[in-house]
Amino acid sequence: MDYVSALVPPVVMAIFFTALIVVIVKSQGGPNKAKEDAAVDAALARAEAARQDGTPAP
């Protein structure tokens with residue numbers, strides 16, 4: 001029975017890791033994707049404008 005107690009933690013961690021990956025993949029996109037993309041684009045535009053002005057980006 002020692003082999004069972006040795007295998008349980010890695011199996012449980014593998015199951016939780018797989019569930020985490022599934023949740024991450026399913027949460028990509030969706031109705032908020034355009035809003036998230038717009039926020040990232042705005043932040044990148046601010047950083048690029050600040051870099052061209054010679055001021056450090058916030």
Taking only distance into account, with no hydrogens and no angle test, what donor-acceptor pairs under 3.5 Å do side-chain atoms of residues 6-25 form with protein atoms, sequence neighbours excluded?
| residue | atom | partner | partner atom | Å |
| --- | --- | --- | --- | --- |
| T18 | OG1 | A14 | O | 2.8 |

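- In terms of the side-chain hydrogen bond (donor to acceptor under 3.5 Å, both in side chains) criterion, E36 has no residue partners (sequence neighbours excluded).
- Listed by chain and residue number, K33 satisfy the salt bridge (charged side-chain N to carboxylate O under 4.0 Å, His left out) test with D37 (two or more places apart in sequence, or in another chain).
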